[in-house]
Q: 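Please see the structure below; I have some questions.
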Amino acid sequence: MPFLPFPSSPPAASRAAVGAVPPLPAGTATPDVVLQFAQGTIDDLGTPLADVTFVVVDLETTGGSPKDSAITEIGAVKVRAGEVLGEFQTLVDPGREIPPYISVLTGITSMMVAAAPRIESVLPAFLEFARGTVLVAHNSPFDLGFLRAACDGCGVAWPAFASVDTAVLARRLLTRDEVPNCKLGTLAPFFSTGTQPCHRAMDDARATVDVLHGLFERLGPLGVTSLEELTGLTRNVDPRRRRKRHLAESVPHGPGVYVFRGPRDEPLYVGTSTDLRTRVRSYFTAGEQRSRMTEMVALAQRVEALPCAHDLEAAVRELRLIAEHKPRYNRRSRFPERALWVRLTDEPFPRLSVVRRVRPGAGVFLGPFPDRRAADAAVAAVHESLPLRQCTSRLSLTPLGTACALADMGRCGAPCTGAQTREEYASVAAVFRAAVECDPRDLVAPLLARVERFAAEGRYEDAAVLRDRVAVLVRAVRRRQRLELLAAVPELVLARPDGAGGWQLSVVRRGRLVAAGVAARGRSVRGHLADLRATAETPLGPEDELAASVDETELVLRWMEKPGTRLVDLTGTLASRAPGTGDYSEFLALVEAGRAERDPFADTRSLGTSSQPDRLAPGRSPHSAERRGRAPARLASPT
């Protein structure tokens, strides 16, 4: 049995020492200082962990959300003081077919649950099994969320269970040197659990019991011996963050951008919110669990607030500030210049290459791509469809080379040997140009036909790889065409209701937000718009190119496409080229759904371990100290 930090009862002598004070003998002088004695209460001690009964529960389901999925198996283990008191396990008929990918993941098939009881019959038995206990789960929002949803569906009130999430507890007690993350599959071998997790409810619950006991062994040095201290452990605010709460005092409400600045007034982190004050204050609460944010707040000396007219202006200013200052604690949008493009070179026999810069007149550009892997996937998809040459040397019109292996495989027309004329090769390259500009059907259709053929032949892995490549290619074509939609528009004025009778206004020129404002209720929109245009920025650069970064233009596009947005004024033509990628919307949706279903039970919370574990400062437990009216000992990271 693992060691548990359960406190023993106080010795009899100690208990007898706390009581009434005998009266002083007659004639004895009364001291200047009156000593006061108070009887300790059980509330001061809390509920000892040795007296707490835990029910460790794990579920298997038909998907990742209780909104459209149902429970297929419940496994639970009841433990107290390290001893197993009982187990609860049953399959559950979800009332629907179990998707094949779920059956592969869990081993539970529709045939296995056909004769199982429905959740209406199982739920009362489980609630009785868990009555009066503390529920424990690894990724408790998932398991308890499904149980609550089941109670709602059955018309049963959800009992007021206390709960412990072993994933969150592990994050507070373990370091990155010990485990890279807090997944159950990672913690199980670390704690040498007797049962290995395998996506079956009972086995996963038993493994979680061993993980829970392993984590309890870490509680002794922290002085955590009661249930109240255990449940409060993950809610305590790091003292380095708590000491900086005053930084939010001067931050106003409303939309805008906030900048945490460091000792040299350098930007540490840039963020945006529709309510600046509320968002900044959240960094000093227990709700902010990201370790890098704890480090950032500890370094911050002040918070600069930049109020904005509406959410689009705030998002755009955030992007520009991140790109300009590259704050060390921002992860996204720091290096827009690192975006990759696939270029069809401008030469007699063009080829595809991956580049970082778009140069007008230097060929046809597709993108941008977030990383090299995506760009390479798109190139591979094009080469699967078109016999473009893949050699890197520049070819002249005079044949000088010999055929390569790709020519023997039919993957290249071998223009280097003269087997393909310049006109014949140009007709192949024209398919790629047409796909980027307006019509990707001739490029994509052969690829989708090959995916279907692979699937029919049982080559599912090959089909999945090619399908994902095609999806990357189609997304890139769609993204490029959407960007060109605004690049050719000299000026565009958009308006959205502000919810208070007024209008949020945005002036966009060649994809760049150049002015933003709000016409309050009762004020003339046209009059306010004239003032905005008079002070609007004039973008530089060629007339037919984007005047903003790709990310900024996509923010404008998303704002423009929101329900309720109105087109107030337009200079030029706003039109998408036909037929575009509209025919592939369903295909992309299916690919995205399949991607989400690969691991529907994954814990998407940011629960990576930190380089240093949280530690309780020396002194009494936090809860007992607070009840005595003294400053509590809080969780603190060593400096």
Side-chain angles (χ1 to χ4, degrees), residues 67 253-258 270-276 278-279 306-322 332-333 336 368 370 474-521 523 525-526 528-529 532-533 536-537 539 546-578 580-582 584-586 588-589 592-593 596:
K67 295 180 180 179
H253 290 284
V257 178
Y258 56 90
V270 178
T272 182
S273 176
T274 56
D275 189 331
L276 285 172
T278 301
R279 181 67 185 102
L306 304 173
C308 297
H310 46 68
D311 57 339
L312 176 60
E313 184 189 10
V316 168
R317 293 185 71 174
E318 177 194 30
L319 274 178
R320 294 177 183 175
L321 287 171
I322 293 175
R332 292 183 296 179
S333 306
V474 173
R475 287 194 205 98
V477 171
R478 171 171 289 185
R479 192 178 190 189
R480 179 64 174 169
Q481 292 176 358
R482 282 168 52 84
L483 294 174
E484 290 182 346
L485 175 69
L486 289 185
V489 178
E491 185 176 278
L492 180 71
V493 180
L494 302 171
R496 284 184 54 79
D498 67 351
W503 290 92
Q504 300 173 348
L505 301 176
S506 297
V507 181
V508 180
R509 293 173 180 168
R510 296 190 355 247
R512 183 180 182 86
L513 181 67
V514 295
V518 175
R521 182 177 182 178
R523 182 175 181 183
V525 173
R526 290 292 179 181
H528 188 67
L529 183 57
L532 288 179
R533 280 175 161 163
E537 174 187 358
L546 281 177
S549 67
V550 170
D551 290 338
E552 178 176 336
T553 303
E554 290 184 327
L555 284 175
V556 173
L557 281 168
R558 286 195 291 269
W559 203 77
M560 180 177 69
E561 293 168 350
K562 284 183 178 180
T565 302
R566 298 188 182 184
L567 179 60
V568 178
D569 204 355
L570 173 67
T571 302
T573 303
L574 179 66
S576 299
R577 297 190 180 186
T581 59
Y584 302 104
S585 297
E586 184 177 355
L588 293 177
E592 286 300 320

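Fair warning: this is a prediction, and the values are worked out from it, not measured in the lab.
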Q: Does atom CZ of Arg523 have more than 12 heavy-atom neighbours, drawn from other residues, nucleotides or ligands, at distances under 6.0 Å?
A: yes
Q: In Å and rounded to the nearest 0.5 Å, what is the NZ to CZ distance from Lys562 to Arg496?
A: 5.5 Å
Q: Thr581 and Arg478: side-chain donor and acceptor closer than 3.5 Å?
A: yes
Q: For a quick test of reading the model, state the closest non-hydrogen atom pair linking Ala315 to Thr272 and the distance between them.
A: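 Reported closest heavy-atom pair: N-OG1, 4.1 Å.
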Q: Is it true that a side-chain atom of Thr274 and a backbone atom of Asp311 form a donor plus acceptor pair closer than 3.5 Å?
A: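 Such a contact is absent between Thr274 side chain and Asp311 backbone.
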Q: If you round to the nearest 0.5 Å, how far is CZ of Arg482 from CZ of Arg475?
A: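 Answer rounded to 0.5 Å: 13.5 Å.
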Q: What residues form a salt bridge (Lys or Arg N to Asp or Glu O under 4.0 Å) with Glu552, not counting sequence neighbours?
A: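 Once residues adjacent in sequence are excluded, the partners of Glu552 under the salt bridge (Lys or Arg N to Asp or Glu O under 4.0 Å) criterion are Arg320.
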Q: Taking the side chain as every heavy atom from C-beta outward, state whether His528 and Trp503 have any pair of such atoms under 4.5 Å apart.
A: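 Of all side-chain heavy-atom pairs linking Trp503 with His528, none is under 4.5 Å.
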Q: Any chance CD of Glu586 has more than 12 other-residue heavy atoms, nucleotides or ligands included, within less than 6.0 Å?
A: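 No, CD of Glu586 has 12 or fewer neighbouring heavy atoms, counting only those of other groups under 6.0 Å.
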Q: Do you know the tightest heavy-atom contact between Val489 and Leu492?
A: CG1-CB, 4.1 Å
Q: Evaluate Ser506 against Met560 for side chain to side chain contact (heavy atoms under 4.5 Å, CB included), listing each step before the verdict.
A: CA-CA 10 Å; Ser506 297; Met560 180 177 69; over 6 Å; no
Q: What is the distance from atom CG of Leu529 to atom CZ of Arg533, rounded to the nearest 0.5 Å?
A: 4.5 Å
Q: To the closest 0.5 Å, what do you measure between CG (Leu494) and CG (Leu505)?
A: 9.5 Å
Q: State, with a plain yes or no, whether a side-chain heavy atom of Arg526 is found less than 4.5 Å away from one of Val568.
A: yes
Q: Please confirm whether the backbone N or O of Leu319 pairs with a side-chain atom of Ser333, one donor and one acceptor, at under 3.5 Å?
A: no
Q: Testing Arg558, Arg479, Arg332, Arg512 one by one against Asp551 for a salt bridge (Lys or Arg N to Asp or Glu O under 4.0 Å), which residue passes?
A: Arg479
Q: What distance do Leu513 atom CG and Leu555 atom CG have between them, rounded to the nearest 0.5 Å?
A: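 Between Leu513 CG and Leu555 CG, I get 9.5 Å after rounding to 0.5 Å.
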Q: If I compare all heavy atoms of Arg509 with all of Glu537, which pair ends up nearest, and what's the gap?
A: NH1-O, 2.9 Å
Q: To the nearest 0.5 Å, what is the distance between CG (Leu557) and CG (Leu486)?
A: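 The distance works out to 4.5 Å.
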